Chemist: 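Quick one: the structure is below, questions incoming.
Everything numeric in this text was worked out from a predicted model, so none of it was measured.
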Amino acid sequence: DPSYKNPNMKKASLLCLLFDFAFGTVLWNGNFNSYATSTDLDKWSFGSRTGEWQTYIFNGNQASKWMTLDPSYKNPWDGDAKQGVRVTITDQSSWNGQQMMRTELIPELQNVANAQTGVRYYRWSMKQGDTNQLDSTSEHQLVFWEAHFADIKYGGSGGANLYFYVNGKSLWQTPFAANTWQNFAIKVDYNAKTVSLYHSTGGDAMTEVVPTTSASVSQSDWHVGILRLPGGTVGTQQVYYSSAQIADNLNQIQGGTGQDPSDASTLVIAFSSFIFAFIL
């Protein structure tokens, strides 16, 4: 490669390698930073794929009635996100005449290459408030793939807990306490067809809570929002979501809700020492 005849170019290339190794790449970022107001969520359509999210799963003709953006809705420990989204369902949230009540967002990946290949980390934070909480007697699917190879659910058989549902059974659960940010990352290996789960609360670094397990992994849409199965009285129910990303490395999931920055710094320093010893 002719660039390596220039030592400065060589150093620059190796430094790029260093940061790729340490932090990976965010393939898609759903932190809502590109949206000025909630009404921007109304602009997406299959004919005009504007914004980072597909916003067509709701009742009526106005997404922003059910999906509301505000800086107070984001995880405060995430320094990258400017705002989060509050997702709402009521007994009027039937989508396309279904008996399920649904308000959901899906990443817009039309211009994102290889988002669902190899090993990918799907990250997000979520909480519920003091009011308009989910009804624990009914099952709610809060984050899931359309193929349902891995779901985060609440209620029903899981009671007042968030639970990780794979292969027809719950593998892990945690209470969905009010005003506590729950941080998640699901590692999906599209080749090996496995998943694993990472979790923390507040501003803590995520740790693995469910090790690698086989799943019926396939390329399908990733849904973030509330899908409530039929039964009972819905009322107004709301969940707050923040900091959604798809990345190729857990270390890339930063901002206080992912990899401990001190751990990443240690990795960078160690790897930097090796690189600079090699190129100097």
Chemist: Is any side-chain heavy atom of Ile57 closer than 4.5 Å to one of His223?
Modeler: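 Yes. Closest side-chain heavy atoms under 4.5 Å.
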Chemist: Give the minimum heavy-atom separation between Arg123 and Ser125, together with the two atoms involved.
Modeler: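 Reported closest heavy-atom pair: NE-OG, 4.5 Å.
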Chemist: Any side-chain heavy atom of Met206 within less than 4.5 Å of one from Tyr121?
Modeler: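 Contact flag for Met206/Tyr121 side chains = no.
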Chemist: Measure the OG-CG distance between Ser200 and Asn183 for me, rounded to the nearest 0.5 Å.
Modeler: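 The CG atom of Asn183 is 3.5 Å from OG of Ser200, to the nearest 0.5 Å.
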Chemist: Is a side-chain N or O of Asp248 found less than 3.5 angstrom from the main chain of Thr25, in a donor-acceptor match?
Modeler: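 Yes.
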Chemist: Do Trp53 and Trp44 come close enough that some side-chain heavy atom pair is under 4.5 Å?
Modeler: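 Trp53 vs Trp44: side chains apart.
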Chemist: Please answer: with hydrophobic residues joined when any side-chain heavy atoms are less than 4.5 Å apart, are Val112 and Tyr190 in the same cluster?
Modeler: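 Yes.
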Chemist: Check whether any side-chain heavy atom of Leu27 lies under 4.5 Å from a side-chain heavy atom of Asn114, and answer yes or no.
Modeler: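 When only atoms from C-beta onward are counted, Asn114 and Leu27 do not touch, as no gap falls below 4.5 Å.
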Chemist: For the rings on Tyr165 and Phe144, is their centre-to-centre separation under 6.0 Å?
Modeler: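 Centroid distance Tyr165-Phe144: not below 6.0 Å, so no.
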Chemist: What about Ile152 and Ile246, same hydrophobic cluster or not, with Ile/Leu/Val/Met/Phe/Trp/Tyr joined at side-chain heavy-atom distances under 4.5 Å?
Modeler: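 Hydrophobic grouping puts Ile152 with Ile246.
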Chemist: Would a 4.5 Å heavy-atom cut-off, applied to side chains only, mark Lys74 and Lys82 as touching?
Modeler: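 Contact flag for Lys74/Lys82 side chains = no.
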Chemist: Decide if atom CG of Asn179 counts as having more than 12 heavy atoms of other residues, nucleotides or ligands within a radius under 6.0 Å.
Modeler: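 Above 12, so yes.
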Chemist: Apply the test side-chain contact (heavy atoms from CB on, under 4.5 Å) to residues Asn75 and Lys127: give CA-CA distance (whole Å), side-chain angles for both, the deciding distance (0.1 Å), then the verdict.
Modeler: CA-CA 9 Å; Asn75 184 333; Lys127 75 165 189 174; over 6 Å; no
Chemist: Considering non-hydrogen atoms only, spot the tightest contact between Asn191 and Gly118 and give its length.
Modeler: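 It is ND2-CA, 3.8 Å.
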Chemist: The criterion is side chain to side chain donor-acceptor pair (under 3.5 Å); which residues satisfy it with Thr131, sequence neighbours excluded?
Modeler: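 Listed in chain order: nothing, the list is empty.
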Chemist: Between Asp78 and Asp80 (side chain of the first, backbone of the second, donor and acceptor by atom type, cut-off under 3.5 Å), is there such a pair?
Modeler: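 Confirmed, Asp78 side chain pairs with Asp80 backbone.
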Chemist: Who pairs with Arg102 by salt bridge (Lys or Arg N to Asp or Glu O under 4.0 Å), at least two apart in sequence or on another chain?
Modeler: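 Residues passing salt bridge (Lys or Arg N to Asp or Glu O under 4.0 Å) with Arg102: Glu104.
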Chemist: Applying a strict under-4.5 Å side-chain criterion to I, L, V, M, F, W and Y, I'd like to know whether Trp222 and Leu197 cluster together.
Modeler: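 Yes, Trp222 and Leu197 fall within the same hydrophobic cluster.
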Chemist: NZ/Lys43 to OG1/Thr55 distance, rounded to the nearest 0.5 angstrom?
Modeler: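 Reported value, rounded in 0.5 Å steps: 11.5 Å.
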Chemist: Once the angle between the rings of Trp172 and Phe184 is folded into 0 to 90°, is it parallel (under 30°), tilted (30 to 60°) or perpendicular (over 60°)?
Modeler: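 Geometry flag for Phe184 against Trp172: perpendicular rings.
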Chemist: Look up atom CG in Asp189 and atom OG1 in Thr212, then write down how far apart they are to the nearest 0.5 Å.
Modeler: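 The OG1 atom of Thr212 is 8.0 Å from CG of Asp189, to the nearest 0.5 Å.
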Chemist: Tell me the closest heavy-atom pair linking Ser38 and Ser64, and the distance in Å.
Modeler: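 Closest pair (atom of Ser38, atom of Ser64, distance): O-CB, 3.4 Å.
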Chemist: Show your reasoning for whether side chain to side chain donor-acceptor pair (under 3.5 Å) applies to Thr37 and Thr39.
Modeler: CA-CA 5 Å; Thr37 68; Thr39 56; 2.7 Å; yes
Chemist: Do Thr103 and Thr88 have side chains that get closer than 4.5 Å, going by heavy atoms?
Modeler: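 Not touching, per the 4.5 Å side-chain cut-off.
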Chemist: Can you get from Val188 to Ile106 by hopping between Ile, Leu, Val, Met, Phe, Trp and Tyr side chains that sit under 4.5 Å apart?
Modeler: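 Not linked; separate clusters.
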Chemist: Over all heavy atoms of both residues, which pair between Phe176 and Gln128 is shortest? Give the atoms and the distance, please.
Modeler: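 Taking Phe176 first and Gln128 second, the nearest heavy atoms are O-NE2, 2.9 Å.
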Chemist: Could you tell me whether a side-chain N or O of Gln219 sits under 3.5 Å from a main-chain N or O of Gln116, the two making a donor and an acceptor?
Modeler: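 Yes, the answer is positive, given that a donor and an acceptor are paired below the 3.5 Å cut-off.
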Chemist: Can you tell which of Thr174, Ile186, Asp151 makes a side-chain contact (heavy atoms from CB on, under 4.5 Å) with Phe164?
Modeler: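 Checked Thr174, Ile186, Asp151 against Phe164; only one passes side-chain contact (heavy atoms from CB on, under 4.5 Å): Ile186.
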Chemist: Measure the spacing between CG of Asn167 and NE2 of His148 and express it to the nearest 0.5 Å.
Modeler: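 Reported value, rounded in 0.5 Å steps: 14.0 Å.
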Chemist: State yes or no: do Met101 and Leu105 share one hydrophobic cluster built from I, L, V, M, F, W and Y residues joined by side-chain heavy-atom distances below 4.5 Å, directly or via other members?
Modeler: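 Hydrophobic grouping puts Met101 with Leu105.
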Chemist: How about Ser196 and Val210: do any of their side-chain heavy atoms sit closer than 4.5 Å?
Modeler: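 Counting from C-beta outward, Ser196 and Val210 never come under 4.5 Å.
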Chemist: Only counting residues at least two apart or in another chain, list the ones meeting salt bridge (Lys or Arg N to Asp or Glu O under 4.0 Å) with Lys193.
Modeler: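 Lys193 satisfies salt bridge (Lys or Arg N to Asp or Glu O under 4.0 Å) with no other residue.
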Chemist: Say you draw a straight line from OG of Ser136 to OH of Tyr154; how long is it, rounded to the nearest 0.5 Å?
Modeler: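 Answer for the OG-OH pair, Ser136 versus Tyr154, is 4.5 Å.
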Chemist: Using modelled atom types and a 3.5 Å cut-off, is there a donor and acceptor pairing between side-chain atoms of Ser48 and backbone atoms of Thr50?
Modeler: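 It does not hold such a pair.
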Chemist: Kindly determine whether Leu134 and Leu142 satisfy side-chain contact (heavy atoms from CB on, under 4.5 Å), including the steps that lead there.
Modeler: CA-CA 11 Å; Leu134 302 178; Leu142 302 179; 3.8 Å; yes
Chemist: If you take all heavy atoms of Met100 and Pro230, which pair is closest and at what distance?
Modeler: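 That would be CG-CD, 3.8 Å.
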Chemist: Of Trp66, Tyr73, Tyr241, which meets side-chain contact (heavy atoms from CB on, under 4.5 Å) against Arg86?
Modeler: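 Looking at Trp66, Tyr73, Tyr241, the match for Arg86 under the side-chain contact (heavy atoms from CB on, under 4.5 Å) is Tyr73.
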Chemist: Mind checking side chain to side chain donor-acceptor pair (under 3.5 Å) for His199 and listing every partner two or more places apart, or none if nothing turns up?
Modeler: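 Applying side chain to side chain donor-acceptor pair (under 3.5 Å) to His199 gives Gln182.
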Chemist: Taking salt bridge (charged side-chain N to carboxylate O under 4.0 Å, His left out) as the cut-off, I'd like each qualifying pair that reaches into residues 45-54, sequence neighbours left out, listed once.
Modeler: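 Sorted result for residues 45-54: Arg49-Glu108.
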Chemist: Report yes if the side chains of Phe58 and Leu41 come closer than 4.5 Å at any heavy-atom pair, otherwise no.
Modeler: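 Side-chain contact under 4.5 Å: no.
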Chemist: Evaluate the criterion side-chain contact (heavy atoms from CB on, under 4.5 Å) for residue pair Phe32 and Met67; output intermediate values, then yes/no.
Modeler: CA-CA 12 Å; Phe32 301 103; Met67 312 167 187; over 6 Å; no
Chemist: Measure the spacing between CD of Gln237 and CD1 of Ile89 and express it to the nearest 0.5 Å.
Modeler: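 Rounded to the nearest 0.5 Å, the CD-CD1 separation comes out at 4.5 Å.
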Chemist: Please name the pair of heavy atoms, one in Ala147 and one in Ser218, separated by the smallest distance, quoted to 0.1 Å.
Modeler: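 It is CB-OG, 3.3 Å.
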Chemist: Look only at the side chain of Asp42 and the backbone of Ala63, and say whether a donor-acceptor pair between them is shorter than 3.5 Å.
Modeler: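 Here the side-chain-to-backbone pair exists.
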Chemist: Just jot down the side chain to side chain contact (heavy atoms under 4.5 Å, CB included) partners of Glu139, sequence neighbours excluded, or say none.
Modeler: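 Checked Glu139 against side chain to side chain contact (heavy atoms under 4.5 Å, CB included); matches are Gln141, Lys153, Tyr163, Leu229.
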